[in-house]
Amino acid sequence: MPYLGSEDVVKELKKALCNPHIQADRLRYRNVIQRVIRMSKLDQWGQAEVLNFLLRYQPRSEEELFDILNLLDSFLKSSSPGVVMGATKLFLILAKKFPHVQTDVLVRVKGPLLAACSSESRELCFVALCHVRQILHSLPGHFSSHYKKFFCSYSEPHYIKLQKVEVLCELVNDENVQQVLEELRGYCTDVSADFAQAAIFAIGGIARTYTDQCVQILTELLGLRQEHITTVVVQTFRDLVWLCPQCTEAVCQALPGCEENIQDSEGKQALIWLLGVHGERIPNAPYVLEDFVENVKSETFPAVKMELLTALLRLFLSRPAECQDMLGRLLYYCIEEEKDMAVRDRGLFYYRLLLVGIDEVKRILCSPKSDPTLGLLEDPAERPVNSWASDFNTLVPVYGKAHWATISKCQGAERCGPELPKTSSFAASGPLIPEENKERVQELPDSGALMLVPNRQLTADYFEKTWLSLKVAHQQVLPWRGEFQPDTLQMALQVVNIQTIAMSRAGSRPWKAYLSAQDDTGCLFLTELLLEPGNSEMQISVKQNEARTEMLNSFISVLETVIGTIEEIKS
Amino acid sequence: MISQFFILSSKGDPLIYKDFRGDSGGRDVAELFYRKLTGLPGDESPVVMHHDGRHFIHIRHSSLYLVVTTSENVSPFSLLELLSRLATLLGDYCGSLGEGTISRNVALVYELLDEVLDYGYVQTTSTEMLRNFIQTEAVVSKPFSLFDLSSVGLFGAETQQSKVAPSSAASRPVLSSRSDQSQKNEVFLDVVERLSVLIASNGSLLKVDVQGEIRLKSFLPSGSEMRIGLTEEFCVGKSELRGYGPGIRVDEVSFHSSVNLDEFESHRILRLQPPQGELTVMRYQLSDDLPSPLPFRLFPSVQWDRGSGRLQVYLKLRCDLPSKSQALNVRLHLPLPRGVVSLSQELSSPEQKAELADGALRWDLPQVQGGSQLSGLFQMDVPGPPGPPSHGLSTSASPLGLGPASLSFELPRHTCSGLQVRFLRLAFRPCGNANPHKWVRHLSHSDAYVIRI
């Protein structure tokens, strides 16, 4: 039991959390919560625990919510970073319906976060940087005026520098773009190749919005003729040309000469792609490709050969005279002598395509491309604070979402169950608001009015015909959470004499089930249960073949009870 | 919450291992951690690692690794705070935190861990509360004695003794031997500022940042009230104005929760009743607006002959401190282009030392007086193909890899922000012993003073 203070305090808490009478009585429960919040003698660990456990509390009214926020306000100014971050997370989650409150809290936490980013402790610095990046996903302009704090210092470890470069890339705006680009330009010539490459990719990221300046810088970097720099610059150009077609001219002018400095697979692929797609603007494109074709036998990377095939074919369409001969040679090599089957298949495919006719080739290789400006750049408004608020102040931002997903998949087998925020203390089960459904579960459905006949199975055809011919008599939505076993539901329904005609497999989305029931007067009830992906609700549609409202209502209540019970059992 | 805690030496030898919950692995988890740490690719962060359902979070403190494992998704800030607090606590109890002190005090460390953490939950880290439970005493390598001063001359020893204490004076165990009343009652107050500066190649200042802390280490019996008076013209934030001059300004300030701020508004006095041990009383930050000029300016001049590969770097370092102050242990670190194996040097004064180490030039100046100017001329050969005729595109006249110069130094008796402690007064305790000694020290240091070439 975490140490929260004296014995009395602990008694209060135990009372609140384990006593169902208090839980059921809204007012008493709230009083205890208030007393917990007001405890003054907690040290920083106790405060952090209290904040953690309050995450599960759902205030009923807006007034209560702001009451709690006011009481917890002082925690935001604490000198302990754990408490400040815990309080921030709690505010973000409690105020999920009030985005302006969330923004306000994030403004207040700017100071402590920035102090942590410049802290002597590298570990704290790293964790704070990860959280800064998290915030920038939703509020990109949040730290823009403090960009100087994210300049890298020479003595910092590599992983911190990489994070800072990412942050710099994301907080760029009109006022600081000049200085940030200058700073990143300095990093591109850093001794460490990895860091230089990361800085160049960052400039590429900024180039989507500030294209001209960035292209200029990248072109200058090409002039240094350093292998590790040139290959990454060419890759960046390739990505940029796709998203910002307006810079194609500048890129094409910068390209000649790079081929001497690229040795690695990625760089070669990028260069070849650019030569193929925009070759008509680059005067010596055929000659560069000819070099590659001459050396194709000693080329070790099959991906490069694939790119070469496509690029040369494209270039052939715009400059046939210069490319015809070497295209022939390349195709011959790929079909007759190449050992990698994927390359050979592609060679064969292009050869056969050419046999069909040049128009066909043009139609296939040069058809209109999709508009790259749509959909590739994620709109920050679509990543609202609420999508990551529950991950704030946990290990998730530190690992990064992708890594965390793989970790939780490994642990997923043992820990299936609803995704409640993990609390370690006070092993209470389920959320803290007493579910209204709980009381209802205790009483048996009043079956006096409705008598469902057991074992009355309909055939699937009959069900379908009847279903399509009837109109929906009643539609309802029930809250739902997480995964469950359909077999359990099926058995439970069986108990109340509702038969299952068809049910989707567990875990499939959308999940559907079709149920039928018949009462002793011959009235049929057909039901569809629908669980959409991402929804936390189950949609119920009921059709009745005779219009009898009270029967319908009784049937609905039976159905609700069963579904409510299943939800309770598994949670 | 926490499953295990262990301490490893810098080579990975486990010094301490404690399992709180018995739910994951055994002692071999320490070896696993070290192997994972050393095998980590360069761009992944070692701070939080994951293996087999467990998360490993660690900090490095005085070349030791302090690691916790947990299987739940807990707050990283809290864990890191816990680890730093444990490091401080162990330092308080054993005198200082190091491989030697830990190995000598293993029983004490385990007892501390037992009291601080129960089944993986933090009970308390307050030195006060723990004092009542810890029975073991710390083992010190040699007894502390004020006569160990090496800077005390033979003559005038008496007067110097009362004014000077070696910097290791504070590193003795705080709570040892309760029965031994002859331990001197002392309190050490340090105002430590960390400076980080970035200067562009044309001399303009890109970034300056000062992080300051007022740290207190008290050997007095806890509960003694003390008052710390800061400079009266000390202003917080940009809009405040006190006194007649430009004042001493900081951007933000935060205090320890036990500090009483009643008199802070009016007279800039902090009141507190510190427990024994270490405590950070106040933290402050200042950026972009230092009242005093920056301590160092570097005037580099680089001449590179591409044809023969000969590189000549002339560095002139100017110290802009007031002439009575000095900078100690100044070290300039300049990365050199790849492939440089030897260099010739001409230094302006004999006690400086320059050498080539790890592909970088390291120029040590043990003491630099304020207002002085020191220079060094270094010549070396940069291998590599003779440079191509200049395209006119590359703007830098220096070879690739001649990196930014970074300086590290200490400035004793100097604070960059100008903040000073005016007084430190202790309330009179009737049962106290002879007048307790108060040591106040101001210090600025930097390990991130970067000047681009």
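Quick note on labels: first sequence line is chain A, next is B, and so on, each numbered from 1.
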Side chain / backbone / both / neither for [X] at chain B, heavy atoms under 4.5 Å:
{"X": "His403(A)", "value": "neither"}
{"X": "Tyr399(A)", "value": "side chain"}
{"X": "Val396(A)", "value": "both"}

To the nearest 0.5 Å, what is the distance between [atom1] on [X] and [atom2] on [Y]?
{"X": "Ser80(A)", "Y": "His256(B)", "atom1": "OG", "atom2": "NE2", "value": "9.5 Å"}
{"X": "Glu182(A)", "Y": "Ser201(B)", "atom1": "CD", "atom2": "OG", "value": "8.5 Å"}
{"X": "His58(B)", "Y": "Glu123(A)", "atom1": "NE2", "atom2": "CD", "value": "5.5 Å"}
{"X": "Lys207(B)", "Y": "Phe150(A)", "atom1": "NZ", "atom2": "CZ", "value": "10.0 Å"}
{"X": "Arg194(B)", "Y": "Ser119(A)", "atom1": "CZ", "atom2": "OG", "value": "6.5 Å"}
{"X": "Ser78(B)", "Y": "Glu49(A)", "atom1": "OG", "atom2": "CD", "value": "8.5 Å"}

Note to self: Classify the ring geometry of Trp404(A) against His55(B): parallel below 30°, tilted from 30° to 60°, perpendicular beyond 60°.
What the structure shows: parallel
Against chain A, label [X] side chain, backbone, both or neither, depending on which of its atoms sit under 4.5 Å from a heavy atom there.
{"X": "Glu81(B)", "value": "both"}
{"X": "Asp251(B)", "value": "neither"}
{"X": "Leu80(B)", "value": "side chain"}
{"X": "Thr125(B)", "value": "both"}
{"X": "Leu206(B)", "value": "both"}
{"X": "Ser406(B)", "value": "side chain"}
{"X": "Leu117(B)", "value": "neither"}
{"X": "Arg452(B)", "value": "side chain"}

With heavy-atom distances below 4.5 Å as the criterion, would you say the side chains of [X] and [Y] are in contact?
{"X": "Glu183(A)", "Y": "Leu198(B)", "result": "yes"}
{"X": "Trp45(A)", "Y": "Thr124(B)", "result": "no"}
{"X": "Phe77(B)", "Y": "Leu124(A)", "result": "yes"}

Check: Of the listed residues (Gln226(A), Arg122(A), Gln179(A), Met85(A)), which shares the most heavy-atom pairs with chain B below a 4.5 Å separation?
Finding: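 The candidate making the most pairs under 4.5 Å is Met85(A).
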Margin query: Heavy-atom pairs under 4.5 Å with chain B: which of Gln163(A), Glu156(A), His131(A) has the most?
Written below: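 Looking at each option in turn, the highest pair count goes to His131(A).
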Item checked: Max heavy-atom pair count under 4.5 Å with chain A, selected residue of Leu82(B), Asp447(B), Asp209(B) ->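 Most pairs with chain A among the choices: Leu82(B).
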Next item on the list: Name the option with the most non-hydrogen atom pairs under 4.5 Å to chain A; the candidates are Val74(B), Asp52(B), Val450(B).
Entry: Val74(B)
Note to self: Between Gln211(B) and Ala115(A) (side chain of the first, backbone of the second, donor and acceptor by atom type, cut-off under 3.5 Å), is there such a pair?
What the structure shows: no
Next item on the list: Kindly say whether Ser75(B) contributes a backbone atom to a donor-acceptor pair with the side chain of Asn393(A) at under 3.5 angstrom?
Entry: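 Answer holds: no.
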Check: In a check of side chain to side chain contact (heavy atoms under 4.5 Å, CB included) between His50(B) and each of Ile407(A), Leu395(A), Thr406(A), which one passes?
Finding: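 Among Ile407(A), Leu395(A), Thr406(A), the one that satisfies the side chain to side chain contact (heavy atoms under 4.5 Å, CB included) with His50(B) is Ile407(A).
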